[in-house]
A.B. asks: 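My questions all concern the structure below.
Note that the structure is a prediction, hence the values are computed from the model and not measured. Chain identifiers are assigned alphabetically (A, B, ...) following the order of the sequence lines, protein sequences preceding nucleic acid strands; residue numbering begins at 1 within each chain.
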There are 2 protein chains.
Amino acid sequence: MASGNGANGTGRRAGIEADEILDRALALVEAEGAEALTMRRLATELGVATTTIYWHIGNRDELVTAVVRRHGERVGRTPVAGDTARERVLDVARLIWRTSLEHREVTRLAAEHGASTLHARRLELTMARELEATGVIGAAARDAMRAITACVGGFIVAALRADLTPEALQRTTVLVDDDGASDLDPATREALTEPAELPAVFEATLRAVVDSVVPADLSANAYL
Amino acid sequence: MASGNGANGTGRRAGIEADEILDRALALVEAEGAEALTMRRLATELGVATTTIYWHIGNRDELVTAVVRRHGERVGRTPVAGDTARERVLDVARLIWRTSLEHREVTRLAAEHGASTLHARRLELTMARELEATGVIGAAARDAMRAITACVGGFIVAALRADLTPEALQRTTVLVDDDGASDLDPATREALTEPAELPAVFEATLRAVVDSVVPADLSANAYL
DNA sequence: ACCTGAACACCGTTCAAGT
DNA sequence: ACCTGAACACCGTTCAAGT
């Protein structure tokens, strides 16, 4: 926030304006992609001078953060399912994965910014809560959460690669017809030319990571 | 590549020039950060007109890809250690992690671009090879590799967050003093305000993922 | 307190023109 | 084949000025 109002503010009607800006920005991103969110573009979209955004929100960095955070607040309200706390930990992870891909332009916007974790802010809190319910507390809960979210984030980045243009994808994938690949098994060489079954790989890996971090469920029959 | 020469080229002395450009670009990125790599900046660095880069390399997308690939070729030559194939799979993963953080500006450049995987291109091939040695072949080898690299990549992104400015970091971390955190255990709440022990968490998670993907080592006593 | 217009210092990209 | 200068259409940001 630059100077405007904010949470600590006196209210007035500036708060309304700031929210308007963020909502419009979010709509712009979802409709036309992360790179459409420029100060000038957003300003004309709002019928306002560019500098008005600076007054209400701040510079582009702050705009992006605020937009992503706003999105995270919406998405974080999704209820979590699962009969056991461990199941609910898994479910939060799947929720982050799913919503990140559903709103991939917001995800991309967040990634461009190093704020990859932000759009799942509320969901991270939820995960910490469920981890506590499994008996993982304190620094262990934090580290467990970071391990899970790091892996989820990595899979999301991998999944977003599917949106690249064919040429860009080609340019940035491992080349099996290259120099050093000749000693690979032909089956492996051929498999490497095709994309992985990411959803299935994600699910399997997620389970392994959660297993490594959450103690074995000793009272599986306790919750119904 | 735009039109210039390239691998398929007739040689001449243009090839030399293209390599010069990439080396200079790489040096620029390592010295002054990913965002210093602009067409204009690189051109003045080379004492050449901006358009010359277009002729030899192509547009910025192609420049970035080429620079990252070149870096990946260097880094991919690092020998891999380990007595068993499984140990060597782990070692490749650690190598990707370590070199990505050592050359974090190149990593950032690659990430900005969705080419996160590219700087580890050669290393991915190495990993595929070692996976085969553990008995994982074909689509299973590909999926195993993707699982491991996705997680490694996620941890790298998490580690790079440490470079953010304090304000940006503050803005983008989960707020425990927020609304919904009051029901957390105080120890967890406090732990969440501090960064995770990423290297240790990485090592533990990596082992779990590799275990889930590589069959149990039947000759455990083979290594010493 | 809120908003504007004009200006500054950058970008990537294209294209006709030179040798 | 290789390189240039000039121009186009964008950026983010600042700042003095308005109400």
Side-chain angles (χ1 to χ4, degrees), chain A residues 1-22 24-25 28-29 32-67 109 112-115 165 167-168, chain B residues 1-22 24-25 28-29 32-67 109 112-115 165 167-168:
Chain A
M1 304 290 161
S3 53
N5 51 312
N8 55 335
T10 46
R12 275 272 211 228
R13 44 168 255 99
I16 300 172
E17 255 281 39
D19 281 358
E20 253 182 76
I21 295 174
L22 295 183
R24 204 68 163 247
L28 184 58
V29 169
E32 305 192 28
E35 73 285 353
L37 183 64
T38 72
M39 306 301 274
R40 287 173 143 94
R41 178 71 203 280
L42 178 57
T44 64
E45 204 80 17
L46 288 158
V48 103
T50 312
T51 40
T52 304
I53 299 172
Y54 283 83
W55 199 92
H56 281 290
I57 312 277
N59 64 15
R60 204 185 111 98
D61 256 29
E62 291 165 312
L63 172 65
V64 170
T65 322
V67 165
L109 184 69
E112 160 207 313
H113 192 81
T165 63
E167 316 92 66
Chain B
M1 305 290 163
S3 53
N5 51 313
N8 55 334
T10 46
R12 273 272 212 230
R13 44 170 255 99
I16 300 172
E17 255 279 40
D19 281 359
E20 254 182 77
I21 295 175
L22 295 183
R24 203 68 162 247
L28 183 59
V29 168
E32 306 192 28
E35 73 283 354
L37 183 64
T38 72
M39 306 302 272
R40 287 173 144 93
R41 178 70 203 281
L42 178 57
T44 63
E45 204 79 19
L46 288 159
V48 104
T50 312
T51 40
T52 304
I53 300 172
Y54 282 83
W55 199 91
H56 281 290
I57 312 276
N59 64 14
R60 203 186 113 95
D61 256 30
E62 292 163 312
L63 172 65
V64 171
T65 322
V67 165
L109 183 69
E112 158 207 315
H113 192 82
T165 63
E167 316 91 66

A.B. asks: Any side-chain N or O of B:His56 under 4.0 Å from OP1/OP2 of D:dA1?
C.D. replies: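 Checking B:His56 against D:dA1: no side-chain N or O falls below 4.0 Å of OP1 or OP2.
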A.B. asks: May I have the distance from A:Ile53 (atom CD1) to C:dT4 (atom P), rounded to whole angstrom?
C.D. replies: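 One finds 10 Å between P of C:dT4 and CD1 of A:Ile53, rounded.
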A.B. asks: Looking at side-chain heavy atoms only, is the closest gap between B:Glu112 and B:Glu35 below 4.5 Å?
C.D. replies: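 Sidechains of B:Glu35 and B:Glu112: no contact.
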A.B. asks: For DNA chain D, find the residues of residues 37-49 of chain A with a heavy-atom distance under 4.0 Å and give them by number; none if there aren't any.
C.D. replies: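 By residue number: A:Thr38, A:Met39, A:Arg40.
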A.B. asks: Contact between B:Val48 and B:Ile21 at the side-chain level, heavy atoms closer than 4.5 Å - yes or no?
C.D. replies: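 With C-beta onward as the side chain, the pair stays apart.
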A.B. asks: Starting at CD of A:Glu35 and ending at P of D:dC10, how long is that distance when rounded to a whole Å?
C.D. replies: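 In whole Å, D:dC10 P and A:Glu35 CD are 14 Å from each other.
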A.B. asks: For A:Glu32 and D:dC10, give me the distance from atom CD to atom P, rounded to whole Å.
C.D. replies: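 It works out to 13 Å between those atoms.
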A.B. asks: Tell me whether B:Thr65 contacts the main-chain N or O of B:Asp61 through its side chain, where contact means a donor paired with an acceptor under 3.5 Å.
C.D. replies: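 A pair under 3.5 Å: yes.
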A.B. asks: Reading nucleotides 14-19 of chain D 5' to 3', which nucleotides get B (base under 4.0 Å from a protein heavy atom), which S (sugar-phosphate only), which -?
C.D. replies: BB----
A.B. asks: Could you check if a side-chain atom of B:Leu63 sits within less than 4.5 angstrom of a side-chain atom of B:Leu37, using non-hydrogen atoms only?
C.D. replies: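 When only atoms from C-beta onward are counted, B:Leu37 and B:Leu63 do touch, with a gap below 4.5 Å.
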A.B. asks: Using side-chain heavy atoms (C-beta onward) and a distance below 4.5 Å, is B:Asn59 in contact with B:Ile53?
C.D. replies: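 No, their side chains stay 4.5 Å or more apart.
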A.B. asks: Does a side-chain N-to-carboxylate-O contact under 4.0 Å join B:Glu20 and B:Arg24?
C.D. replies: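 So B:Glu20 does not pair with B:Arg24 through a salt bridge.
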A.B. asks: Dump the intermediate steps for side chain to side chain contact (heavy atoms under 4.5 Å, CB included) on B:Thr52 and B:His56, then the final yes or no.
C.D. replies: CA-CA 6 Å; B:Thr52 304; B:His56 281 290; 3.7 Å; yes
A.B. asks: Please state how far atom CH2 in B:Trp55 lies from atom P in C:dT13, giving the value in whole angstrom units.
C.D. replies: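 My rounded result for the distance is 18 Å.
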A.B. asks: In Watson-Crick or G-U wobble terms, both distances under 3.5 Å, what is the partner of C:dT4?
C.D. replies: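 Per the H-bond distance test, D:dA16.
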A.B. asks: Return yes if some donor-acceptor pair links the side-chain N/O of B:Thr44 with the main-chain N/O of B:Gly47 below 3.5 Å, else return no.
C.D. replies: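 It does not hold such a pair.
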A.B. asks: Check the phosphate of C:dC2 against A:Thr52, side-chain N and O only, distance under 4.0 Å to OP1 or OP2. Yes or no?
C.D. replies: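 No, no such contact exists.
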